[in-house]
Participant: 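Quick one: the structure is below, and I'll ask about it shortly.
Note that the coordinates shown come from a computational prediction; the quantities given were computed from them, not determined experimentally. Numbered from 1 within each chain, the chains take letters A, B, ... in sequence-line order.
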Amino acid sequence: MSQHHSRRESLPPSTPATVTVFASPTSWIESNALAQCQQVAALDGMIHVAGMPDLHPGKGAPIGAAMASTVLYPFLVGSDIGCGIAVFPMKLKRAAPEKLAARFPDLDRPLDPERDADDPAWAVVEGDVPAGHVEGLGTVGRGNHFVELARIETVFEPGHASRLGLAAGDLVLIVHSGSRGLGERILRAHTEVHGAGGAPDAAAYLAMHDDAVRWGSLNRRLMAARVAHALGAEPTEPIVDQCHNLVEVRDGVYLHRKGAAPGDGRDVLIAGTRGTCSYLVAAHAGPDANHSVAHGAGRKMSRADALRRGRAKHTVEELRRTPVGSLVVCGDRQLLFEEAPTAYKRIEQVISDLVDHDLATPVATTVPLVTYKTPDIGSTSRPDRRNHRRKRGRP
DNA sequence: ATGTAC
């Protein structure tokens, strides 16, 4: 941290930062996550920390928080700069999960500008790829990232849904992914020199950050196009695309969001789990919430705990075929357990906490049909995936 | 979360 170079004397007299957590007393919030909020509140220049109902501990900083400060701290955004969730309308004649799951493209395999030059998904790229970073383009990544074909189930606000072109029964593709290696590279470059300290040249960081935000959004569109083509549908423009790891200049200060979506009059898809509904909400969060809402259900267990407890509690079969009848495409057994629905909080509680604090209004729920995480072992679409890098190189 | 870090 910056204990040797406090910039406080150059700043206006400051009062201690405030911390507000938007959750009900019965909602499960780990004490470690609350402690991380207090640690963030103690940083130089910090003004206000807003914890969302999906708050949980992260690496150094809490996840599910919006943090306003006069100093820009790259570690408060994290490495996956530009990560977000986009929703694309999908029109399919048939929606049998088994058949669709088998047709998903391999989203671990990047789109290569030369080898895949004729891939129709490239049509979504207008102009240059941000930062000229083509590595990993069109890939979903790991962790909590996913691409999900879902159906609009309950519509709470028919007028609002209709303005988005949605009605009950419609299909949508939900894409949760970020900037892959690009954001990681940007944070690492800062951390190698400044550690967890602030960015001395905020404009320079912001220029790279903005590239990563654009890259993440482009990547979500590319994946949606890849999937649409593979399933025989037309690619569409997203009706929702909100980034939940970013920093913006607002009211003259740096508003960092880490696992928190912009909530100032925007529509946001708040992700449930691989086996439960997600919620499309109209967000209307004010200054107390740092103009932000939750980004998902939020982890209830660490990945290590989820793996240990999940192995005793679940079979691979029940995680691949969920209680709502959806299929999870995930050839990585460890990831399947780490991402088990029981490792997450109940999305209904997160949503009701947002509603009770007047931060958001539910518009509709989506129920998953197929959630894609990573190719299945023995996937018919790409039986050679373990060797594809080598095999696809020069002969 | 990550073409990571032990």
Participant: Let me know the distance between CG of A:L182 and P of B:dT4, rounded to the nearest Å.
Facilitator: 15 Å
Participant: Which comes earlier along DNA chain B counting from the 5' end, the contact point of A:R299 or that of A:R188, where each point is its nearest nucleotide?
Facilitator: A:R299
Participant: Round to the nearest Å and state the distance from A:I186 atom CD1 to B:dG3 atom C1'.
Facilitator: 16 Å
Participant: Could you tell me the separation between the CG atom of A:L187 and the P atom of B:dT4, rounded to a whole number of Å?
Facilitator: 14 Å
Participant: Expressed in angstrom and rounded to an integer, what is the separation of A:H145 atom NE2 from B:dT2 atom P?
Facilitator: 5 Å
Participant: For A:G141, which contact category applies under a 4.0 Å heavy-atom criterion: base, sugar-phosphate, or nothing?
Facilitator: sugar-phosphate
Participant: Starting at NZ of A:K59 and ending at P of B:dT2, how long is that distance when rounded to a whole Å?
Facilitator: 13 Å
Participant: Name every donor-acceptor pair, under 3.5 Å, that has one atom in a side chain of residues 46-57 of chain A and the other anywhere in the protein, sequence neighbours excluded.
Facilitator:
from: A:H48; atom 1: ND1; to: A:T18; atom 2: O; distance (Å): 3.2
from: A:H48; atom 1: ND1; to: A:T18; atom 2: OG1; distance (Å): 2.6
from: A:H48; atom 1: NE2; to: A:D288; atom 2: O; distance (Å): 2.6
from: A:D54; atom 1: OD2; to: A:H295; atom 2: N; distance (Å): 3.0
from: A:D54; atom 1: OD2; to: A:H295; atom 2: ND1; distance (Å): 2.6
from: A:D54; atom 1: OD2; to: A:G296; atom 2: N; distance (Å): 3.1

Participant: Let me know the distance between CG of A:N219 and C1' of B:dG3, rounded to the nearest Å.
Facilitator: 15 Å
Participant: A:N245 CG to B:dT2 P: how many Å, rounded?
Facilitator: 10 Å
Participant: Below 3.5 Å, can you tabulate the donor-acceptor pairs from side chains in residues 360-370 of chain A to any protein atom, sequence neighbours excluded?
Facilitator:
from: A:T361; atom 1: OG1; to: A:H284; atom 2: NE2; distance (Å): 2.8
from: A:T365; atom 1: OG1; to: A:T154; atom 2: N; distance (Å): 3.0

Participant: Measure the acute angle between the ring planes of A:Y73 and A:F75, then classify it against the limits of 30° and 60° as parallel, tilted or perpendicular.
Facilitator: perpendicular
Participant: What integer distance in Å separates A:D80:CG from B:dG3:P?
Facilitator: 9 Å
Participant: Check every strand shown and say whether A:R180 touches a base, only sugar-phosphate, or nothing at a heavy-atom separation below 4.0 Å.
Facilitator: sugar-phosphate
Participant: Does A:R142 put a side-chain nitrogen or oxygen below 4.0 Å from OP1 or OP2 of B:dT2?
Facilitator: no
Participant: Using modelled atom types and a 3.5 Å cut-off, is there a donor and acceptor pairing between side-chain atoms of A:S292 and backbone atoms of A:P262?
Facilitator: no
